[in-house]
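Position 1 is the first residue of the sequence; numbering continues from there.
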Amino acid sequence: MPSMPVARAEFRRCIRGKTPWLIGLCLVLVSRLPTAFDSNVVQGLGTAVAFPRAQAAVAIVVPFAAAALGFRSIIGERETGTARVLLGTELSRADLVLGKTIGRSAALAGPVLATTPLLVGYSVFAYGRFSLPMFVGLLALSSIYVFAWTAVTVAISAVESSTTRAAAITFGLTLFLSVFWSDLTTALLWGLITGSSPGNEMAKPELFQALKWISLPSAYYVVTDWLLGVPVGPGSAALQVSDALHEHGTLAAATPPLPAWVGIPILLAWPTIALLGGVVGIRRGDLTPGGNTGLLRRLWTKRPSVRRFGAIPLSAVTGRGGWVDVLPGRWQPLARREFRRLTHRPGIWVLGAMVLVAGVLSLSPSALIRDALGPRVPLAGLQTPLGFLGGVGTLLLTFRVVVAERDSGSLRVTAGTAISRGETLIGLIIGRASAITLPLVLAVIGTCLVAAPRYGFVAPGTLLAFLAATVVFFFCLTGLGVALSTLTRRQSLAGIIILVSGGLYLAWFQLSNALYQALTGTAVSGFAPPASPTYLLLRWLPPISLYRVVTNAILDVPNSAGNAMGVITDLQPDVFTNTVVVKTAYGADVPAWYLHPAVAFGELLLWFALPVAVAMVVYQRRPLD
């Protein structure tokens, strides 16, 4: 097969170095996140008790590992020009896609198949039960799962025209299918079909439950649950047994909405459709990056003409001779270039539109939250869209800015001007952060205007403080992204770090509990947090959490890293969530000085200052090649 030389080369390239070790380490760490199974679950699992931890670790880690290994597999070859060299031989475009998929899936399957016996062996030692047929079947299904996810990410890389777009789409699809699919499917589809929220009286609930099986992780859970002989569903074997015992009191009463074998064609359909789409896309596309303009870019170029930013009052900021030029340094031309480069492209405006839509959709909370917040409802509803959508979008728009200019050689051109290296980073950060912040600030103002007829206008002081905290937050994330791009040598490595960071944030609830247990020796659960300031400090460590602490103080919501609506809900009697509120744990707002919102604001600034300072030092000493 002509694709096999490519597969062998990809396998050797990916299997060398630290990548297999990192994937194996992630599998081990994720397998230790769940708490110990209670006696009823152990009894319900029976012989299969040795496999749920390995099953869950593979289901969670493989999507992010495949995304990190595959998002630049083909677009990277196109950007460097090696795709034309490869296709100048007997290799066809279909062979290139297939070879990349086989080689990278084999490289990912190596650490997965090597680590799974260790995870299973630990559980066998703990519970004393084992089944060889189940073990062999789990390895086989895990291999298919690895191939399916790799095919999806390689197909995206084959279709997209830039590394940034490939990273953004791969990251978004990975999050949606791995994290949000099962939780959003029923509520979203029911809302679109009926216009109301789903309830216990929902007609044909089996149909909506069956739709949860369509995602790749859900299909993997279904077929592995079937293999392990537990109630079949889009969750790990331990979770399925626990839910069945809780809802029905017996495993026999839990019946799936579809036959269990349906999970097999769903699992196989994903790589088949992905490979077909990738082959068709690369055959119809141009091998030159950006050579074939996408639908979004074509619509953007046909937009109604608007006055340029230099011809409107913003010229005082972005135009020559504005007040920015009075500031010290020579970074202004570079910042102006970056600002205009981003504002004349559709990416940041799509990001702002997404935040606006998410904010408007959050304007119908419960009566309890409406009474507690009043006109501040739109700001509370924007916390999560700004923190998550805006935060991820900012990192994706900045993670390759320096390394891409280094690869293209334009960084040497910039270095040949009067701008110093330190001023180069300052200009990149200020220009990009200003461009990214502009549509997000407009989204905040637009959401408040939409909500005004129903809730009234937000107090000017509250709105200005919220906008100021939001601007600082996005400047911090821009600095973090540019620093990452400065410190890394390769775009693929920077993209991997972004993907891993997103996974760590999503798993921070479990990770913070594990870190606290490692530091103190005390096992904890977020549903019953300990009265320890150290625990809260760990929960607040990510920048998005610090942003919520600061904005909660602005919204006059009790001190917490949870979103404002969740905090208000958590304070109600007989309500148990994983939101940790200081007032609940201590009966006071601030048990320690380092948990004050003002200190949280300082910690947020440190997420900007420390990475940028390190990047400045490294950038001054590192060659530009």
Q: State, with a plain yes or no, whether a side-chain heavy atom of Ile75 is found less than 4.5 Å away from one of Arg72.
A: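 When only atoms from C-beta onward are counted, Arg72 and Ile75 do touch, with a gap below 4.5 Å.
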
Q: Answer yes or no: is there a donor N or O on one side and an acceptor on the other, between the side chain of Ser31 and the main chain of Val28, under 3.5 Å?
A: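 Yes; at least one donor-acceptor contact below 3.5 Å.
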
Q: Set out, in order, the CA-CA distance, both residues' side-chain angles and the distance that settles side chain to side chain contact (heavy atoms under 4.5 Å, CB included) for Leu113 and Val146, then state yes or no.
A: CA-CA 10 Å; Leu113 297 181; Val146 166; over 6 Å; no

Q: If you count heavy atoms of other groups shown closer than 6.0 angstrom to CZ of Phe388, is the number above 12?
A: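 Yes, CZ of Phe388 has more than 12 neighbouring heavy atoms, counting only those of other groups under 6.0 Å.
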
Q: Determine whether a donor-acceptor pair (N or O, by modelled atom type, separation under 3.5 Å) exists between the side chain of Trp270 and the backbone of Ser215.
A: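 Between the backbone of Ser215 and the side chain of Trp270 there is no qualifying donor-acceptor contact (under 3.5 Å).
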
Q: Can a donor-acceptor pair be found, under 3.5 Å and without considering hydrogens, that links the side chain of Gln240 to the backbone of Asp225?
A: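 Between the backbone of Asp225 and the side chain of Gln240 there is no qualifying donor-acceptor contact (under 3.5 Å).
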
Q: Check for a donor-acceptor pair, side chain of Arg539 on one end and backbone N or O of Gly562 on the other, with a separation under 3.5 Å.
A: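 Checking the backbone N and O of Gly562 against the side chain of Arg539, no donor-acceptor pair under 3.5 Å is found.
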
Q: Roughly how far apart are Leu118 CG and Leu27 CG, rounded to 0.5 Å?
A: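 Reported to 0.5 Å precision, the distance equals 10.0 Å.
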
Q: Give the C-alpha distance, both sets of side-chain angles, the deciding distance and a yes or no for side chain to side chain contact (heavy atoms under 4.5 Å, CB included) between Ile74 and Val97.
A: CA-CA 8 Å; Ile74 293 182; Val97 174; 3.8 Å; yes

Q: Hey, what do you get for CG (Leu108) to CD1 (Ile15), rounding to the nearest 0.5 Å?
A: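 Answer for the CG-CD1 pair, Leu108 versus Ile15, is 9.0 Å.
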
Q: Within the distance-only criterion (no hydrogens, no angle test), does the side chain of Arg93 pair as donor or acceptor with the backbone N or O of Ile282 below 3.5 angstrom?
A: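 Side chain of Arg93 to backbone of Ile282, a donor-acceptor pair under 3.5 Å: yes, one is there.
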
Q: Checking side chain to side chain contact (heavy atoms under 4.5 Å, CB included) for the pair Val42/Arg129: CA distance, chi angles, key distance, verdict?
A: CA-CA 10 Å; Val42 172; Arg129 302 176 189 175; 4.1 Å; yes

Q: Measure from the side-chain N and O atoms of Arg12 to the backbone N and O of Gly103, and report whether any donor-acceptor pair falls under 3.5 Å.
A: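 It does not hold such a pair.
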
Q: How about Pro259 and Trp226: do any of their side-chain heavy atoms sit closer than 4.5 Å?
A: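 No. Closest side-chain heavy atoms not under 4.5 Å.
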
Q: To the nearest 0.5 Å, what is the distance between OG1 (Thr394) and CG (Leu480)?
A: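 Reported to 0.5 Å precision, the distance equals 10.5 Å.
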
Q: What is the minimum heavy-atom distance between Val61 and Cys26, and which atoms define it?
A: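 Scanning both residues completely, I find the closest heavy atoms to be CG2-O, 3.9 Å.
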
Q: Considering non-hydrogen atoms only, spot the tightest contact between Gly281 and Val159 and give its length.
A: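 Taking every non-hydrogen atom into account, CA-CG2, 4.2 Å.
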
Q: Taking Trp149 for its side chain and Ser105 for its backbone only, find out whether a donor-acceptor pair lies under 3.5 Å.
A: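 Checking the backbone N and O of Ser105 against the side chain of Trp149, no donor-acceptor pair under 3.5 Å is found.
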
Q: On a heavy-atom basis, which atom in Ile214 and which in Ile266 lie closest, and how many Å separate them?
A: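 Heavy atoms only, the tightest pair is O-CG2, 3.5 Å.
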
Q: If every non-hydrogen atom of Ala50 is compared with every non-hydrogen atom of Ser123, which pair is closest and at what distance?
A: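 Nearest heavy atoms, Ala50 then Ser123: O-CB, 3.3 Å.
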
Q: Heavy-atom distance under 4.5 Å between the side chains of Pro63 and Leu216, does that happen here?
A: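 Counting from C-beta outward, Pro63 and Leu216 never come under 4.5 Å.
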
Q: Which one of Val49, Leu228, Thr47 satisfies the side-chain contact (heavy atoms from CB on, under 4.5 Å) criterion with Ser131?
A: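 Result: among Val49, Leu228, Thr47, Thr47 is the only option passing the side-chain contact (heavy atoms from CB on, under 4.5 Å) with Ser131.
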
Q: Can you tell if the side chain of Thr384 reaches within under 4.5 Å of the side chain of Arg548, non-hydrogen atoms only?
A: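 Heavy-atom side-chain distance check passes, below 4.5 Å.
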
Q: Should the pair Phe135 and Phe130 be assigned to parallel (<30°), tilted (30 to 60°) or perpendicular (>60°) ring geometry?
A: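 It falls in the tilted class, 30° to 60°.
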
Q: Output the distance between atom CG (Leu22) and atom CG (Leu29), rounded to the nearest 0.5 Å.
A: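 CG of Leu29 is found 10.5 Å from CG of Leu22.
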
Q: Are the side chains of Leu119 and Arg53 in touch, meaning some heavy atoms are under 4.5 Å apart?
A: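 Not in contact.
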
Q: Are the side chain of Thr170 and the backbone N or O of Ala166 linked by a donor-acceptor pair below 3.5 Å?
A: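 Side chain of Thr170 to backbone of Ala166: a pair is present.
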
Q: List the atom of Ala151, the atom of Thr101, and the distance in Å for their closest heavy-atom pair.
A: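 Closest heavy-atom pair between Ala151 and Thr101: CA-CG2, 3.7 Å.
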
Q: When rounded to the nearest 0.5 angstrom, what distance separates CG in Leu268 from CZ in Phe147?
A: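 Between atom CG of Leu268 and atom CZ of Phe147 there are 10.0 Å.
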
Q: Without swapping roles, check the side chain of Lys212 against the backbone of Pro234 for a donor-acceptor pair under 3.5 Å.
A: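 Such a contact is absent between Lys212 side chain and Pro234 backbone.
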
Q: What distance separates Leu541 CG from Trp508 CH2, expressed to the nearest 0.5 Å?
A: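 Reported to 0.5 Å precision, the distance equals 5.0 Å.
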
Q: Search all heavy atoms of Gln55 against all heavy atoms of Tyr220 and return the closest pair with its distance.
A: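 Where Gln55 meets Tyr220 most closely, the heavy atoms are O-CE2, 3.6 Å.
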
Q: Output yes when a side-chain donor or acceptor of Ser545 lies under 3.5 Å from a complementary backbone atom of Ala561, and no otherwise.
A: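 Not confirmed, Ser545 side chain does not pair with Ala561 backbone.
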
Q: Would you call Leu69 and Thr153 a side-chain contact if the rule is heavy atoms closer than 4.5 Å?
A: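 Not in contact.
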
Q: So do the side chains of Phe71 and Ser157 get within less than 4.5 Å of each other, counting heavy atoms only?
A: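 In short, these two side chains do not touch, never coming nearer than 4.5 Å.
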
Q: A side-chain contact here means heavy atoms from C-beta on lying under 4.5 Å apart; do Val350 and Met354 qualify?
A: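 Yes - at least one pair of side-chain heavy atoms lies under 4.5 Å apart.
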
